[in-house]
Amino acid sequence: MKEFDYRRAQDVTGAVALLAADPDARFLGGGTNLVDLMKTGVERPALLVDVRELPLDRVESTADGGLRIGATVTNSDLAAHPEVRRRYPALTQAVLAGASGQLRNMATVGGNLLQRTRCGYFSDVSGPCNKRVPGSGCPAVTGEHHNHAVLGASEHCVAVHPSDMGVALTAFDAQVAYETLDGPGEMPLTDLYLPVGDTPHRETALPPGALITHITLPGAPVTANSRYRKVRERASYAFAIGSVAAALDIEDGHVREARLALGAVASRPWRARAAEAVLTGAPATGATFAAAADAELAAARPLPDNGYKVTLMRNLMVSVLTELTELTERAELAEGDAR
């Protein structure tokens, strides 16, 4: 590991100023991803700016019934927060599916969204990787790629984003707030991650030196009827080979509103807009759910060894949407019995 300096930020403005003063500086939250990359030589910062003790560790309700989540809130605290569990159950489920308890106690919300891919070629500094060394090539295209992207990839990179939390936040229209030397800014989470194209080393649309300060979830009744489902290769803590965050509002047997995002299929959490369009206004039936999945996955471009993901994701989407429909039906029956 390369030697580095360490500074503990006293406030947000000071943190941003410290990073701006050194182009080789990095923000340090929980360090659960960054420190690992430093050990392998992928990341070689000259300075770590510790932001863990900044006053960004609260979850607060907003006027519209949503939540404002500080960037240094730990994953454990986020998952356990009663309002997250009540208003956005899929978010709690996604966080709990994401790592071991020890890691959740350290990892932060801001850091989770900015974690790097777990592609083996990215972490191996002895070989080429367009994310590490632009223009050096993507060996995963012809090499080991069974858990790589089937949507939104390019010949320059087929790695997937590893965040579980990000999938649920994407489904719920989260907004990302940040601070720079020029002042604050905000963008939809769906705009945070850049398309791969021919510049996979440019992963986010954050301005240089920006510090994520909080995430805002708008209020939406539909999110209370939500689920997150993750498929992985072993039952212990592992990164997804496919995941779905979904929310449904069903009235009189028809889908009034749908939210859907997919994980482990692209370089970013994938908002399933095509599927949502098919679902909205349609009967809440298995046939509709299958049609919605097919509409979203029509754009899939699998590689020779990851075509299974298309079938996996189709089945997973139908299963989660069916579960949400059954939950709605049970809730309606219970309400009727109570009368």
Side-chain angles (χ1 to χ4, degrees), residues 32-34 36-44 98-99 112-164 166-167 170 190 192-205 230-244 261-275 293-317:
T32 56
N33 182 213
L34 176 60
D36 283 345
L37 294 177
M38 290 170 63
K39 291 176 181 178
T40 60
V42 174
E43 291 277 5
R44 298 172 58 83
N112 183 287
L113 295 178
L114 297 179
Q115 63 183 298
R116 311 292 300 277
T117 182
R118 267 42 178 209
C119 174
Y121 298 104
F122 171 73
S123 59
D124 181 5
V125 296
S126 68
C129 171
N130 284 327
K131 275 189 178 295
R132 282 188 291 100
V133 184
S136 62
C138 178
V141 172
T142 56
E144 172 55 50
H145 55 244
H146 83 283
N147 193 24
H148 284 56
V150 296
L151 290 166
S154 78
E155 62 182 314
H156 302 283
C157 183
V158 293
V160 297
H161 196 274
S163 175
D164 293 287
V167 181
T170 295
T190 50
L192 174 66
Y193 304 106
L194 296 173
V196 174
D198 58 1
T199 56
H201 60 288
R202 297 183 61 243
E203 295 180 349
T204 78
K230 174 180 180 177
V231 177
R232 46 194 165 192
E233 291 180 326
R234 60 180 188 273
S236 61
Y237 295 104
F239 294 101
I241 58 174
S243 65
V244 172
L262 313 180
V265 295
S267 63
R268 61 191 188 276
W270 187 269
R271 185 65 182 266
R273 301 286 189 188
D294 289 341
E296 193 63 47
L297 295 169
R301 298 293 181 268
L303 296 163
D305 297 330
N306 69 355
Y308 74 93
K309 279 196 174 189
V310 178
T311 303
L312 171 72
M313 294 306 299
R314 184 184 192 273
N315 293 340
L316 192 59
M317 293 166 72

With a 4.5 Å heavy-atom cut-off, do [X] and [Y] have their side chains touching?
X      : Y      : value
Val42  : Val125 : yes
Ser267 : Tyr193 : no
Glu155 : Val141 : no
Thr199 : Leu194 : no
Arg132 : Tyr121 : no

Can you name the closest pair of heavy atoms from [X] and [Y] and give their distance?
X      : Y      : answer
Val167 : Gly263 : CG2-CA, 3.6 Å
Ala264 : Ala240 : CB-O, 3.4 Å
His148 : Lys309 : O-NZ, 3.3 Å
Ser154 : Val196 : OG-CG1, 3.4 Å
His156 : Gly197 : CD2-O, 3.4 Å
Val158 : Ala140 : CG2-CB, 3.8 Å

[X] [atom1] to [Y] [atom2] distance, which is reported to the nearest 0.5 Å:
X      : Y      : atom1 : atom2 : result
Leu192 : Arg268 : CG    : CZ    : 11.0 Å
Asp198 : Asn130 : CG    : CG    : 9.5 Å
Thr190 : Arg273 : OG1   : CZ    : 6.0 Å
Asn306 : His145 : CG    : NE2   : 5.5 Å
Leu262 : Thr170 : CG    : OG1   : 10.0 Å
Cys157 : Lys131 : SG    : NZ    : 4.5 Å

For [Y], does its backbone N or O pair with a side-chain atom of [X] as donor and acceptor, under 3.5 Å?
X      : Y      : result
Ser243 : Lys230 : no
Arg118 : Ser123 : no
Tyr308 : His146 : yes
Arg314 : Ala293 : no
Glu296 : Ala275 : yes
Arg232 : Phe239 : no

Starting from the C-alpha separation in whole Å, work towards a yes-or-no answer on side chain to side chain contact (heavy atoms under 4.5 Å, CB included) for Glu203 and His161.
-> CA-CA 10 Å; Glu203 295 180 349; His161 196 274; over 6 Å; no
